[in-house]
Amino acid sequence: MPKRTAAAAAISSFFQPALKKPKYEVPSEKSNHPTYPYPIPYLPTPFLDPLISAPATEGKPINDQPDLDLLSFQPFIPKSISDSLFEFLRQELFYYRVQYKINRFGTETTINTPRYTTVFGVDSTSFFNIDGKLHDSQLKVPCPLNKYKCKPRPIPQCLDMLKKVTEKAAGETFNFCLVNYYADGNDSISYHSDDEKFLGPNPAIASFSLGAPRDFLMKHKPIAASPTHSIQPEPKPLKFNLGPGEMILMRGPTQKNWLHSVPKRAGKESGHGRINITFRKALVRGGTENYYQYNVGSGDVFRWDEGRKKMVDWTGEWALEERIK
DNA sequence: GACTATAATAGAA
DNA sequence: ATTCTATTATAGT
(Lines give C-alpha, C1' and ligand atoms only; values in the text may rest on other atoms or scores of the structure.)
Protein backbone atom coordinates (compact mmCIF):
# COMPACT_ATOMS: atom_id res chain seq x y z
CA MET A 1 0.00 0.00 0.00
CA PRO A 2 1.62 3.26 -1.10
CA LYS A 3 1.60 6.09 1.35
CA ARG A 4 -1.26 8.55 0.95
CA THR A 5 0.51 11.84 0.39
CA ALA A 6 -0.65 15.17 1.76
CA ALA A 7 -1.30 16.26 -1.81
CA ALA A 8 -3.47 13.21 -2.43
CA ALA A 9 -5.39 13.92 0.74
CA ALA A 10 -5.93 17.51 -0.31
CA ILE A 11 -7.22 16.44 -3.74
CA SER A 12 -9.44 13.80 -2.19
CA SER A 13 -10.88 16.24 0.32
CA PHE A 14 -11.51 18.68 -2.50
CA PHE A 15 -13.74 16.23 -4.32
CA GLN A 16 -15.25 14.79 -1.17
CA PRO A 17 -15.12 17.44 1.53
CA ALA A 18 -15.18 16.27 5.12
CA LEU A 19 -18.63 16.13 6.65
CA LYS A 20 -19.52 19.52 8.03
CA LYS A 21 -19.09 19.29 11.76
CA PRO A 22 -22.04 20.65 13.70
CA LYS A 23 -21.43 24.15 14.96
CA TYR A 24 -22.62 23.21 18.42
CA GLU A 25 -24.03 20.32 20.42
CA VAL A 26 -27.57 20.75 21.68
CA PRO A 27 -27.67 20.54 25.48
CA SER A 28 -30.27 18.20 26.97
CA GLU A 29 -31.37 20.88 29.44
CA LYS A 30 -33.96 23.26 28.07
CA SER A 31 -35.92 26.36 29.06
CA ASN A 32 -39.65 25.83 28.90
CA HIS A 33 -42.83 27.74 29.60
CA PRO A 34 -46.49 27.31 28.65
CA THR A 35 -46.16 30.31 26.31
CA TYR A 36 -43.33 28.70 24.25
CA PRO A 37 -44.22 26.70 21.14
CA TYR A 38 -41.45 24.29 22.20
CA PRO A 39 -38.61 24.17 24.76
CA ILE A 40 -35.47 26.19 24.00
CA PRO A 41 -32.12 24.48 24.64
CA TYR A 42 -29.74 25.98 27.15
CA LEU A 43 -26.65 27.68 25.79
CA PRO A 44 -24.16 24.99 24.71
CA THR A 45 -21.64 24.70 27.55
CA PRO A 46 -18.57 25.37 25.33
CA PHE A 47 -20.02 28.88 24.74
CA LEU A 48 -20.07 29.70 28.44
CA ASP A 49 -16.43 30.49 29.19
CA PRO A 50 -15.94 32.69 26.12
CA LEU A 51 -19.22 34.46 26.82
CA ILE A 52 -18.36 35.16 30.44
CA SER A 53 -15.08 36.70 29.26
CA ALA A 54 -17.03 39.28 27.20
CA PRO A 55 -16.73 42.06 26.22
CA ALA A 56 -13.96 40.88 23.90
CA THR A 57 -12.84 44.50 23.31
CA GLU A 58 -13.36 47.69 25.26
CA GLY A 59 -16.21 49.98 24.30
CA LYS A 60 -15.45 53.06 22.23
CA PRO A 61 -17.59 56.11 22.98
CA ILE A 62 -19.17 57.78 19.96
CA ASN A 63 -20.44 61.15 21.12
CA ASP A 64 -18.98 63.64 18.65
CA GLN A 65 -22.40 64.62 17.30
CA PRO A 66 -25.16 66.63 18.97
CA ASP A 67 -27.38 64.56 21.28
CA LEU A 68 -25.54 61.35 20.44
CA ASP A 69 -24.23 58.97 23.08
CA LEU A 70 -23.10 55.55 21.84
CA LEU A 71 -20.72 52.93 23.15
CA SER A 72 -19.44 50.63 20.40
CA PHE A 73 -17.88 47.19 20.96
CA GLN A 74 -16.08 45.76 17.90
CA PRO A 75 -16.70 43.05 18.85
CA PHE A 76 -18.39 42.37 22.16
CA ILE A 77 -18.81 38.63 21.67
CA PRO A 78 -15.52 36.72 21.27
CA LYS A 79 -14.81 35.73 17.67
CA SER A 80 -14.38 32.10 18.74
CA ILE A 81 -18.13 31.73 19.36
CA SER A 82 -19.92 34.46 17.38
CA ASP A 83 -20.47 32.24 14.35
CA SER A 84 -21.80 29.27 16.28
CA LEU A 85 -23.91 31.50 18.51
CA PHE A 86 -25.55 32.86 15.37
CA GLU A 87 -26.26 29.33 14.11
CA PHE A 88 -27.62 28.33 17.51
CA LEU A 89 -30.04 31.25 17.84
CA ARG A 90 -31.24 30.95 14.25
CA GLN A 91 -31.86 27.22 14.67
CA GLU A 92 -33.29 27.03 18.16
CA LEU A 93 -35.50 30.10 18.54
CA PHE A 94 -38.98 30.49 17.07
CA TYR A 95 -39.82 33.52 14.99
CA TYR A 96 -42.82 35.39 13.62
CA ARG A 97 -43.65 37.40 10.54
CA VAL A 98 -46.02 39.90 12.08
CA GLN A 99 -48.88 41.53 10.21
CA TYR A 100 -50.65 44.57 11.53
CA LYS A 101 -52.90 47.33 10.31
CA ILE A 102 -52.27 51.04 10.43
CA ASN A 103 -54.33 54.07 9.56
CA ARG A 104 -52.54 56.38 7.16
CA PHE A 105 -54.33 59.52 6.01
CA GLY A 106 -57.65 57.92 6.64
CA THR A 107 -56.92 54.73 4.70
CA GLU A 108 -56.29 51.43 6.46
CA THR A 109 -53.36 49.37 5.18
CA THR A 110 -51.94 46.01 6.19
CA ILE A 111 -48.24 45.98 6.99
CA ASN A 112 -46.21 42.81 6.58
CA THR A 113 -43.23 43.36 8.87
CA PRO A 114 -40.20 42.94 6.58
CA ARG A 115 -38.17 40.72 8.93
CA TYR A 116 -38.65 37.83 11.38
CA THR A 117 -39.12 38.82 14.99
CA THR A 118 -39.52 37.31 18.42
CA VAL A 119 -39.59 38.73 21.94
CA PHE A 120 -39.13 37.70 25.56
CA GLY A 121 -39.57 39.55 28.83
CA VAL A 122 -42.00 41.54 30.91
CA ASP A 123 -42.01 45.14 32.15
CA SER A 124 -40.78 46.14 35.61
CA THR A 125 -44.20 46.02 37.25
CA SER A 126 -44.16 42.21 37.01
CA PHE A 127 -41.71 39.33 37.26
CA PHE A 128 -41.77 35.61 36.55
CA ASN A 129 -42.07 33.68 39.78
CA ILE A 130 -40.15 30.44 40.26
CA ASP A 131 -43.29 28.54 39.21
CA GLY A 132 -43.32 30.43 35.89
CA LYS A 133 -46.34 32.53 36.80
CA LEU A 134 -46.39 36.32 36.65
CA HIS A 135 -46.25 38.08 39.98
CA ASP A 136 -46.72 41.73 40.90
CA SER A 137 -43.35 43.36 41.59
CA GLN A 138 -44.69 45.50 44.44
CA LEU A 139 -47.17 43.19 46.12
CA LYS A 140 -45.22 39.96 45.48
CA VAL A 141 -48.45 38.16 44.72
CA PRO A 142 -49.72 36.57 41.49
CA CYS A 143 -50.87 39.09 38.89
CA PRO A 144 -54.58 39.21 38.06
CA LEU A 145 -55.13 36.97 35.04
CA ASN A 146 -56.42 39.94 33.05
CA LYS A 147 -53.47 42.23 33.78
CA TYR A 148 -52.14 41.62 30.24
CA LYS A 149 -53.97 41.03 27.00
CA CYS A 150 -50.80 39.36 25.70
CA LYS A 151 -48.99 36.34 27.13
CA PRO A 152 -45.54 37.48 28.32
CA ARG A 153 -42.73 34.93 27.89
CA PRO A 154 -39.75 34.59 30.22
CA ILE A 155 -36.29 35.20 28.74
CA PRO A 156 -34.82 31.73 28.08
CA GLN A 157 -31.56 30.74 29.75
CA CYS A 158 -29.50 31.11 26.55
CA LEU A 159 -30.49 34.76 26.09
CA ASP A 160 -30.38 35.46 29.82
CA MET A 161 -26.68 34.51 29.85
CA LEU A 162 -26.04 37.14 27.19
CA LYS A 163 -28.23 39.62 29.06
CA LYS A 164 -26.17 39.22 32.21
CA VAL A 165 -22.80 39.98 30.60
CA THR A 166 -24.41 42.89 28.75
CA GLU A 167 -25.80 44.36 31.94
CA LYS A 168 -22.40 44.14 33.59
CA ALA A 169 -20.61 45.87 30.69
CA ALA A 170 -23.30 48.52 30.23
CA GLY A 171 -23.93 49.28 33.89
CA GLU A 172 -27.65 48.97 33.15
CA THR A 173 -30.38 46.44 33.81
CA PHE A 174 -32.78 45.09 31.19
CA ASN A 175 -36.05 43.18 31.27
CA PHE A 176 -36.77 42.72 27.58
CA CYS A 177 -35.04 40.90 24.77
CA LEU A 178 -36.14 41.51 21.16
CA VAL A 179 -34.71 39.33 18.41
CA ASN A 180 -34.86 40.16 14.69
CA TYR A 181 -33.83 37.90 11.83
CA TYR A 182 -33.04 39.56 8.51
CA ALA A 183 -33.07 36.72 5.99
CA ASP A 184 -31.43 38.75 3.22
CA GLY A 185 -30.97 42.27 1.88
CA ASN A 186 -34.70 42.55 1.26
CA ASP A 187 -35.48 42.38 4.98
CA SER A 188 -35.15 45.72 6.72
CA ILE A 189 -36.32 48.16 9.33
CA SER A 190 -37.07 51.72 8.37
CA TYR A 191 -36.06 54.84 10.25
CA HIS A 192 -37.52 55.04 13.73
CA SER A 193 -36.57 55.84 17.33
CA ASP A 194 -37.04 53.65 20.36
CA ASP A 195 -38.45 56.64 22.17
CA GLU A 196 -41.70 55.23 23.52
CA LYS A 197 -42.78 56.63 26.86
CA PHE A 198 -42.78 53.18 28.43
CA LEU A 199 -38.97 53.09 28.19
CA GLY A 200 -38.56 56.28 30.21
CA PRO A 201 -36.86 59.52 29.15
CA ASN A 202 -33.25 58.37 28.49
CA PRO A 203 -33.43 54.66 27.70
CA ALA A 204 -30.32 52.51 27.33
CA ILE A 205 -30.63 49.91 24.57
CA ALA A 206 -27.96 47.34 23.80
CA SER A 207 -28.05 46.13 20.21
CA PHE A 208 -26.11 43.06 19.02
CA SER A 209 -25.33 41.94 15.49
CA LEU A 210 -24.64 38.32 14.51
CA GLY A 211 -24.22 36.64 11.15
CA ALA A 212 -24.01 38.62 7.92
CA PRO A 213 -22.82 42.24 8.18
CA ARG A 214 -25.45 44.91 7.50
CA ASP A 215 -25.43 48.68 7.30
CA PHE A 216 -26.91 50.50 10.28
CA LEU A 217 -27.83 54.13 9.61
CA MET A 218 -28.35 56.88 12.14
CA LYS A 219 -29.53 60.42 11.45
CA HIS A 220 -30.52 63.34 13.63
CA LYS A 221 -34.22 64.07 13.76
CA PRO A 222 -35.21 67.09 11.69
CA ILE A 223 -34.99 70.33 13.66
CA ALA A 224 -38.25 72.20 13.41
CA ALA A 225 -38.05 75.48 11.52
CA SER A 226 -38.73 78.58 13.62
CA PRO A 227 -39.05 82.31 12.81
CA THR A 228 -35.49 82.84 14.08
CA HIS A 229 -33.87 79.80 12.45
CA SER A 230 -34.15 79.07 8.75
CA ILE A 231 -34.42 75.46 7.59
CA GLN A 232 -30.97 73.87 7.51
CA PRO A 233 -29.97 71.20 4.99
CA GLU A 234 -30.09 67.79 6.63
CA PRO A 235 -26.64 66.45 7.55
CA LYS A 236 -25.62 63.10 6.06
CA PRO A 237 -26.57 60.04 8.11
CA LEU A 238 -23.86 58.16 10.02
CA LYS A 239 -23.26 54.72 8.56
CA PHE A 240 -21.99 51.75 10.57
CA ASN A 241 -21.34 48.41 8.94
CA LEU A 242 -22.19 46.04 11.78
CA GLY A 243 -20.23 42.80 11.77
CA PRO A 244 -20.73 39.57 13.72
CA GLY A 245 -20.42 39.92 17.49
CA GLU A 246 -20.60 43.71 17.48
CA MET A 247 -22.69 45.57 20.02
CA ILE A 248 -23.78 49.20 20.09
CA LEU A 249 -25.12 50.62 23.31
CA MET A 250 -27.43 53.56 22.64
CA ARG A 251 -28.08 55.73 25.67
CA GLY A 252 -28.75 59.19 27.09
CA PRO A 253 -30.42 61.62 24.67
CA THR A 254 -29.85 59.37 21.64
CA GLN A 255 -33.36 57.95 21.21
CA LYS A 256 -35.07 61.28 21.76
CA ASN A 257 -33.00 62.97 19.04
CA TRP A 258 -31.86 60.34 16.54
CA LEU A 259 -33.47 57.94 14.11
CA HIS A 260 -31.94 54.62 13.10
CA SER A 261 -32.60 52.04 10.39
CA VAL A 262 -31.31 48.92 8.66
CA PRO A 263 -32.11 49.72 5.02
CA LYS A 264 -32.79 47.22 2.28
CA ARG A 265 -29.73 46.19 0.30
CA ALA A 266 -29.42 44.73 -3.20
CA GLY A 267 -27.86 41.35 -4.03
CA LYS A 268 -24.70 40.68 -2.06
CA GLU A 269 -25.54 39.32 1.38
CA SER A 270 -28.64 37.51 0.12
CA GLY A 271 -28.89 34.11 1.74
CA HIS A 272 -26.55 34.76 4.63
CA GLY A 273 -28.93 36.09 7.24
CA ARG A 274 -28.38 38.41 10.17
CA ILE A 275 -29.65 38.27 13.72
CA ASN A 276 -30.14 41.41 15.78
CA ILE A 277 -30.68 41.13 19.52
CA THR A 278 -31.67 44.13 21.61
CA PHE A 279 -31.91 44.36 25.36
CA ARG A 280 -33.98 47.14 26.87
CA LYS A 281 -36.06 47.98 29.92
CA ALA A 282 -39.80 48.59 29.76
CA LEU A 283 -41.09 50.38 32.83
CA VAL A 284 -44.84 49.87 32.58
CA ARG A 285 -47.49 47.45 31.37
CA GLY A 286 -48.03 49.28 28.07
CA GLY A 287 -44.51 48.39 26.98
CA THR A 288 -45.22 44.69 27.36
CA GLU A 289 -48.45 44.91 25.37
CA ASN A 290 -46.72 46.89 22.62
CA TYR A 291 -43.73 44.58 22.22
CA TYR A 292 -45.81 41.41 22.04
CA GLN A 293 -48.26 42.97 19.61
CA TYR A 294 -45.56 44.04 17.15
CA ASN A 295 -42.95 41.29 17.60
CA VAL A 296 -45.04 38.15 18.16
CA GLY A 297 -48.51 39.06 17.00
CA SER A 298 -51.06 36.31 16.39
CA GLY A 299 -49.70 34.63 13.28
CA ASP A 300 -47.77 31.48 12.44
CA VAL A 301 -44.60 30.17 14.09
CA PHE A 302 -41.48 30.04 11.90
CA ARG A 303 -38.34 27.98 12.44
CA TRP A 304 -35.07 27.69 10.58
CA ASP A 305 -34.86 24.64 8.29
CA GLU A 306 -31.17 23.78 7.94
CA GLY A 307 -31.89 21.45 5.01
CA ARG A 308 -33.79 24.04 3.01
CA LYS A 309 -31.70 26.93 4.37
CA LYS A 310 -34.71 29.09 5.11
CA MET A 311 -37.38 29.87 7.67
CA VAL A 312 -40.37 27.55 7.35
CA ASP A 313 -43.85 27.71 8.81
CA TRP A 314 -43.74 25.48 11.87
CA THR A 315 -47.33 25.97 13.03
CA GLY A 316 -48.37 22.51 11.84
CA GLU A 317 -45.65 20.76 13.83
CA TRP A 318 -46.57 22.77 16.87
CA ALA A 319 -50.18 21.69 16.55
CA LEU A 320 -49.01 18.07 16.14
CA GLU A 321 -46.94 18.18 19.33
CA GLU A 322 -49.85 19.74 21.19
CA ARG A 323 -52.04 16.82 20.09
CA ILE A 324 -49.52 14.28 21.34
CA LYS A 325 -49.47 15.79 24.83
C1' DG B 1 -14.00 62.23 -17.39
C1' DA B 2 -18.17 60.24 -19.85
C1' DC B 3 -21.42 56.79 -20.34
C1' DT B 4 -24.19 53.21 -18.55
C1' DA B 5 -26.11 49.96 -15.26
C1' DT B 6 -27.13 49.14 -10.72
C1' DA B 7 -27.66 50.67 -5.99
C1' DA B 8 -28.87 53.89 -2.44
C1' DT B 9 -31.62 57.46 -0.81
C1' DA B 10 -35.52 60.59 -0.07
C1' DG B 11 -40.31 61.93 -0.43
C1' DA B 12 -45.24 60.88 -0.84
C1' DA B 13 -49.16 58.17 0.44
C1' DA C 1 -43.41 50.75 12.58
C1' DT C 2 -43.89 50.41 5.25
C1' DT C 3 -43.93 50.52 0.41
C1' DC C 4 -43.66 52.67 -3.93
C1' DT C 5 -41.47 55.62 -7.06
C1' DA C 6 -38.58 59.33 -8.46
C1' DT C 7 -34.18 61.18 -7.91
C1' DT C 8 -29.36 60.98 -6.83
C1' DA C 9 -25.12 58.42 -6.05
C1' DT C 10 -21.86 54.92 -7.05
C1' DA C 11 -19.18 51.50 -9.63
C1' DG C 12 -17.50 49.51 -13.82
C1' DT C 13 -15.71 50.24 -18.29
**Q** Whole Å only: how far is the CE atom of A:M218 from the P atom of B:dT9?
**A**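 Atom-to-atom, A:M218 to B:dT9, this comes out as 15 Å.
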**Q** Over how many whole Å does the gap from A:I102 atom CD1 to C:dC4 atom C1' extend?
**A**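 It is 14 Å, rounded to the nearest whole Å.
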**Q** With sequence neighbours left out, which residue pairs that include part of residues 109-140 of chain A fulfil the ring-ring contact (aromatic ring centres under 6.0 Å, His included) condition?
**A**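 Qualifying pairs: A:H33-A:F128, A:Y36-A:F120, A:F94-A:F120, A:Y116-A:F302, A:F127-A:H135.
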**Q** What are the two closest heavy atoms between A:H260 and A:F216, and how far apart are they?
**A**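 Result for this residue pair: CB-CZ, 3.6 Å.
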**Q** Give the rounded distance in Å between these two atoms: CZ of A:R214 and P of B:dA8.
**A**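 Rounded to the whole Å, the gap is 10 Å.
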**Q** Would you say A:R265 reaches B:dT9's phosphate, i.e. side-chain N/O to OP1/OP2 under 4.0 Å?
**A**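 A:R265 to B:dT9 OP1/OP2: side-chain N or O found under 4.0 Å.
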**Q** Which nucleotide sits closest to the side chain of A:L217: C:dA1, B:dA7, B:dT9?
**A**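 Output: B:dT9.
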**Q** Find the distance A:F216:CZ to B:dA8:P and express it as a whole number of Å.
**A**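 That distance rounds to 18 Å.
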**Q** Any chance CG of A:L145 has more than 12 other-residue heavy atoms, nucleotides or ligands included, within less than 6.0 Å?
**A**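 Check fails, neighbour count at 12 or below.
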**Q** How many whole angstroms separate atom CG of A:N241 from atom C1' of B:dA7?
**A**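 Taking CG of A:N241 and C1' of B:dA7, I get 15 Å after rounding.
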**Q** Give, ordered by number, those residues of residues 275-284 of chain A having at least one heavy-atom distance below 4.0 Å to an atom of DNA chain C; if nothing qualifies, reply none.
**A**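 Under 4.0 Å from DNA chain C: no residue of residues 275-284 of chain A.
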**Q** Looking at A:Y181 and A:T118, would you say the former's side chain and the latter's main chain have a donor-acceptor pair under 3.5 Å?
**A**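 Side chain of A:Y181 to backbone of A:T118: no pair is present.
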**Q** Applying a 4.0 Å non-hydrogen cut-off, can you work out what A:K239 is touching in the nucleic acid: base, sugar-phosphate, or nothing?
**A**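 Sugar-phosphate, no base atom in range.
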**Q** In whole angstroms, how far is the C1' atom of C:dA1 from the CD atom of A:E108?
**A**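 Value for this atom pair: 15 Å.
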**Q** What is the minimum heavy-atom distance between A:K147 and A:E289, and which atoms define it?
**A**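 Heavy atoms of A:K147 and A:E289 come nearest at O-OE2, 4.0 Å.
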**Q** Once you round it to whole Å, what is the distance between P of C:dA1 and NZ of A:K264?
**A**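 One finds 14 Å between P of C:dA1 and NZ of A:K264, rounded.
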**Q** Name the closest nucleotide to the A:P263 side chain, picking from B:dT9, B:dA7, C:dA1.
**A**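 That would be B:dT9.
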**Q** How close or far is atom P of B:dA7 from atom CG of A:D215, stated in whole angstroms?
**A**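 Those two atoms, CG and P, are 14 Å apart.
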**Q** Salt bridge between A:D194 and A:R280, side-chain N to carboxylate O under 4.0 Å?
**A**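 Salt bridge present between A:D194 and A:R280.
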**Q** Distance-only criterion, 3.5 Å: show the donor-acceptor pairs between side-chain atoms of residues 162-179 of chain A and protein atoms not counting sequence neighbours.
**A**
residue	atom	partner	partner atom	Å
A:K163	NZ	A:E167	OE2	3.0
A:K163	NZ	A:F174	O	2.9
A:T166	OG1	A:L162	O	2.6
A:E167	OE2	A:F174	N	2.9
A:T173	OG1	A:K281	NZ	2.7
A:N175	OD1	A:A282	N	2.9
A:N175	ND2	A:S124	OG	3.0
A:N175	ND2	A:A282	O	2.9

